[in-house]
Engineer: 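Would you mind keeping the following structure in view while I ask a few things?
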Amino acid sequence: FYPHTNFIYKPLWAIELEKKGSKIIQYYYSISNDPYELNPIKYKYKLGFNLMTWKNYYAWDKFHKEFIISNCLTKQPNVQIFEPISFRFFDQKINLKENTVLIFDVQPHRYAECVKYRHPYYGDIKNLKWNNSTVQFIQETFEISNKNKLNIALKRKRTLLNYLSDKKYNNTINSLKKNYEKFYEINPEVDPHQLFEDKKNIKLVICLPFTSVGYIAKHLNINIIFYDPLNAVTNNIEITRDIPVIRSKNELDEYIKKLL
């Protein structure tokens, strides 16, 4: 088994093992690499998936399977649909507070780093600066959760070095943690699969669209929505996988009230 961290070119050892009859399977710990559809354009960013030459793949669902088949160079690849695979395990105990809304974002880089990328998570797409979008996502999900007397826990996508982190984003989080007991953070290194084991304390999962965590939560039958306050993404079922996309504070407030 080989993760899609380095998916384009096979290591030499993998090629040699296949020559000797071994079966090498590429698996995915994330599927947020599909092309983005932003209102009103489709942003095609394949990251080199069209150069893949692997013979065997584990896909998360039928849409992911179609994405792999349509991109890889291998003729008639063997693609099996498998459930979301856990990539890592954090061995410290996680204590979620009762009635917690879990939010998952993709923390922005500093602008000096952003300009190196042309990607929805890092670049300036549709004249939307990603740091402003992410900050609005956090502020509004907290505002509505707090209004409904719910705790809210933020799990960042990953740990960033200080020189890469966006200051506005960091200041927003630090201010919320300092001024509101209901707001707390989860270690970014925790695997979502492990985090979701504590279902009894999770009232709702809210993800920035379209992070893979949302698809994991849906697979585990946990209440999940995508929150897109800037109305930047479409409702294409191949991307949303039937997960509701909420686009305003009022809509979010109504959705949460129905869960209480």
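Sequential numbering from 1 along the given sequence is applied to the chain's residues. As a basis for the values below, the full set of heavy atoms in this structure was taken, side chains included, without hydrogen atoms, waters or symmetry mates. What you are looking at is a predicted structure, and each value in this text was computed from that prediction instead of being measured.
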Engineer: Just jot down the side chain to side chain donor-acceptor pair (under 3.5 Å) partners of Asp61, sequence neighbours excluded, or say none.
Structural biologist: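 Applying side chain to side chain donor-acceptor pair (under 3.5 Å) to Asp61 gives Arg241.
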
Engineer: Taking the side chain as everything from C-beta on, heavy atoms only, tell me whether Ile173 gets closer than 4.5 Å to Phe183.
Structural biologist: yes

Engineer: Does any non-hydrogen side-chain atom of Phe210 lie less than 4.5 Å from one of Val245?
Structural biologist: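 Yes, side chains in contact.
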
Engineer: Would you compute the distance between atom CZ of Phe104 and atom OG of Ser212 and round it to the nearest 0.5 angstrom?
Structural biologist: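 If we round to the nearest 0.5 Å, Phe104:CZ and Ser212:OG are 11.5 Å apart.
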
Engineer: How far does CZ of Phe137 sit from OG1 of Thr172, to the nearest 0.5 angstrom?
Structural biologist: 13.5 Å

Engineer: Is it true that a side-chain atom of Thr134 and a backbone atom of Pro108 form a donor plus acceptor pair closer than 3.5 Å?
Structural biologist: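 Not confirmed, Thr134 side chain does not pair with Pro108 backbone.
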
Engineer: How about Lys199 and Asn221: does a side-chain donor come under 3.5 Å of a side-chain acceptor?
Structural biologist: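 On atom types as modelled, these side chains do not qualify, holding no pair under 3.5 Å.
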
Engineer: Does the side chain of Lys155 come within less than 4.5 Å of Leu195's, by heavy atoms?
Structural biologist: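 Yes, at least one pair of side-chain atoms sits under 4.5 Å.
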
Engineer: Please, which pairs that meet salt bridge (charged side-chain N to carboxylate O under 4.0 Å, His left out) have at least one residue in residues 172-187, sequence neighbours excluded?
Structural biologist: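 Of all non-adjacent pairs touching residues 172-187, those that pass salt bridge (charged side-chain N to carboxylate O under 4.0 Å, His left out) are Arg156-Glu185, Lys177-Glu185.
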
Engineer: Taking only residues two or more places apart in sequence, or in another chain, which ones meet Lys200 in a side chain to side chain donor-acceptor pair (under 3.5 Å)?
Structural biologist: Asp198

Engineer: When you check the side-chain N and O atoms of Asn179 and Ser175, is any donor under 3.5 Å from an acceptor?
Structural biologist: yes

Engineer: Any heavy-atom pair between the side chains of Asn223 and Val205 that's under 4.5 Å?
Structural biologist: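 In short, these two side chains do not touch, never coming nearer than 4.5 Å.
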
Engineer: Might you point out which heavy atoms bring Tyr28 and Tyr58 nearest each other, and give the distance in Å?
Structural biologist: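 Taking every non-hydrogen atom into account, CD1-O, 3.5 Å.
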
Engineer: Taking a hydrophobic cluster as the set of Ile, Leu, Val, Met, Phe, Trp and Tyr residues connected by side-chain heavy atoms closer than 4.5 Å, whether directly or through intermediates, do Trp54 and Leu73 fall within one such cluster?
Structural biologist: no

Engineer: Starting at CD1 of Ile186, measure out to CG of Leu102 and round the result to the nearest 0.5 Å.
Structural biologist: 6.0 Å

Engineer: Closest approach of Pro209 and Tyr227, non-hydrogen atoms and distance?
Structural biologist: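 Nearest pair, atom of Pro209 first, then Tyr227: CD-O, 3.2 Å.
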
Engineer: Where is the tightest heavy-atom contact between Pro229 and Gln136, given as atom of each residue plus distance?
Structural biologist: CB-NE2, 3.7 Å

Engineer: Mind checking what makes side chain to side chain donor-acceptor pair (under 3.5 Å) contact with Asn95, not counting sequence neighbours?
Structural biologist: none

Engineer: Quick check: closest heavy atoms across Ile246 and Leu252, and the distance to 0.1 Å?
Structural biologist: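 In terms of heavy atoms, the two residues are closest at CG2-N, 3.5 Å.
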
Engineer: Using the ring of each side chain (for Trp, its six-membered ring), is His64 parallel, tilted or perpendicular to Trp60, with breaks at 30° and 60°?
Structural biologist: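 Aromatic pair His64/Trp60 classed perpendicular.
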
Engineer: Atom CD in Glu140, atom CD1 in Ile206: separation rounded to 0.5 Å?
Structural biologist: 11.0 Å

Engineer: Kindly indicate, with the supporting measurements, whether the criterion side-chain contact (heavy atoms from CB on, under 4.5 Å) is fulfilled by Ile103 and Cys207.
Structural biologist: CA-CA 6 Å; Ile103 64 172; Cys207 292; over 6 Å; no

Engineer: Name the atoms and distances for all side-chain donor-acceptor pairs under 3.5 Å in residues 77-84, with sequence neighbours left out.
Structural biologist:
from, atom 1, to, atom 2, distance (Å)
Asn78, ND2, Asn56, OD1, 3.2

Engineer: Do Thr53 and Cys72 touch side chain to side chain, with heavy atoms closer than 4.5 Å?
Structural biologist: no

Engineer: Measure the spacing between CG of Asn146 and CD1 of Ile152 and express it to the nearest 0.5 Å.
Structural biologist: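 Going from CG on Asn146 over to CD1 on Ile152, the span is 8.5 Å.
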
Engineer: Just do the side-chain contact (heavy atoms from CB on, under 4.5 Å) check on Met52 and Tyr57 with the steps written out, would you?
Structural biologist: CA-CA 11 Å; Met52 297 188 300; Tyr57 301 84; 3.6 Å; yes

Engineer: Hey, is the main chain of Phe142 close enough, under 3.5 Å, to the side chain of Ser145 for a donor-acceptor pair?
Structural biologist: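 Side chain of Ser145 to backbone of Phe142: no pair is present.
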
Engineer: Using side-chain heavy atoms (C-beta onward) and a distance below 4.5 Å, is Phe196 in contact with Ile202?
Structural biologist: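 They are in side-chain contact.
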
Engineer: Under 3.5 Å, is there a donor-acceptor pair between the side chain of Asn151 and the main chain of Glu98?
Structural biologist: yes

Engineer: Does Lys249 have any salt bridge (charged side-chain N to carboxylate O under 4.0 Å, His left out) partners at least two apart in sequence or in another chain, and if so, which?
Structural biologist: Glu143

Engineer: So, for Gly214 and Ile243, which heavy atoms are closest and what is the spacing to 0.1 Å?
Structural biologist: O-CD1, 3.5 Å

Engineer: Excluding sequence neighbours, so at least two apart, what forms ring-ring contact (aromatic ring centres under 6.0 Å, His included) with Tyr215?
Structural biologist: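 For Tyr215, the residues satisfying ring-ring contact (aromatic ring centres under 6.0 Å, His included) (neighbours in sequence not counted) are Phe226.
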
Engineer: Any salt bridge (charged side-chain N to carboxylate O under 4.0 Å, His left out) involving residues 250-260? Give me the pairs, sequence neighbours left out, ordered by first then second residue.
Structural biologist: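 Passing the test, one end in residues 250-260: Lys147-Asp253, Asp253-Lys257.
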
Engineer: Would the distance check show the side chain of Asn148 and the main-chain N or O of Leu150 forming a donor-acceptor pair, the cut-off being under 3.5 Å?
Structural biologist: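 The answer is no, because no donor-acceptor pair under 3.5 Å joins these two groups.
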
Engineer: If a pair satisfies salt bridge (charged side-chain N to carboxylate O under 4.0 Å, His left out) and one of its residues is in residues 16-28, list it, with sequence neighbours excluded.
Structural biologist: Lys10-Glu18, Glu16-Lys19

Engineer: Once salt bridge (charged side-chain N to carboxylate O under 4.0 Å, His left out) is applied, what residue pairs with a partner in residues 209-224 remain, sequence neighbours excluded?
Structural biologist: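 Checked against salt bridge (charged side-chain N to carboxylate O under 4.0 Å, His left out) - neighbours excluded - no pair reaches residues 209-224.
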
Engineer: Do Leu12 and Ile24 belong together in a cluster built from hydrophobic side chains that touch within less than 4.5 Å?
Structural biologist: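 In one cluster with Leu12: Ile24, no.
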
Engineer: Please list, chain by chain and in numerical order, all residues satisfying salt bridge (charged side-chain N to carboxylate O under 4.0 Å, His left out) with Glu66, sequence neighbours excluded.
Structural biologist: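 Residues passing salt bridge (charged side-chain N to carboxylate O under 4.0 Å, His left out) with Glu66: none at all.
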
Engineer: Do Leu204 and Ile225 touch side chain to side chain, with heavy atoms closer than 4.5 Å?
Structural biologist: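 Of all side-chain heavy-atom pairs linking Ile225 with Leu204, at least one is under 4.5 Å.
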
Engineer: Within the 3.5 Å criterion, strictly below it, is a donor on Thr159 or Glu189 matched to an acceptor on the partner's side chain?
Structural biologist: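 Side-chain D/A pair, Thr159 to Glu189: present.
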
Engineer: If you compare all heavy atoms of Tyr169 against all heavy atoms of Asp166, which two are closest, and at what distance to 0.1 Å?
Structural biologist: N-OD2, 2.9 Å

Engineer: Take atom NZ in Lys97; do more than 12 heavy atoms of anything else shown fall under 6.0 Å from it?
Structural biologist: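 Atom NZ in Lys97 is packed in, count exceeds 12.
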
Engineer: Check the pair Lys149, Asn99 against side chain to side chain donor-acceptor pair (under 3.5 Å), reporting the backbone distance first and the verdict last.
Structural biologist: CA-CA 9 Å; Lys149 300 183 175 12; Asn99 288 325; over 6 Å; no

Engineer: Going by side chain to side chain donor-acceptor pair (under 3.5 Å), name the residues that satisfy it together with Thr100, two or more places apart in sequence or in a different chain.
Structural biologist: Tyr184

Engineer: Please round to the nearest 0.5 Å and tell me the distance separating atom CD1 of Ile94 and atom CG of Asn187.
Structural biologist: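 These two atoms lie 8.5 Å from each other.
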
Engineer: Flag yes if Leu51 and Ile15 sit in one hydrophobic cluster, no otherwise; membership is Ile, Leu, Val, Met, Phe, Trp, Tyr, and two members link when side-chain heavy atoms are under 4.5 Å apart.
Structural biologist: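 Not linked; separate clusters.
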
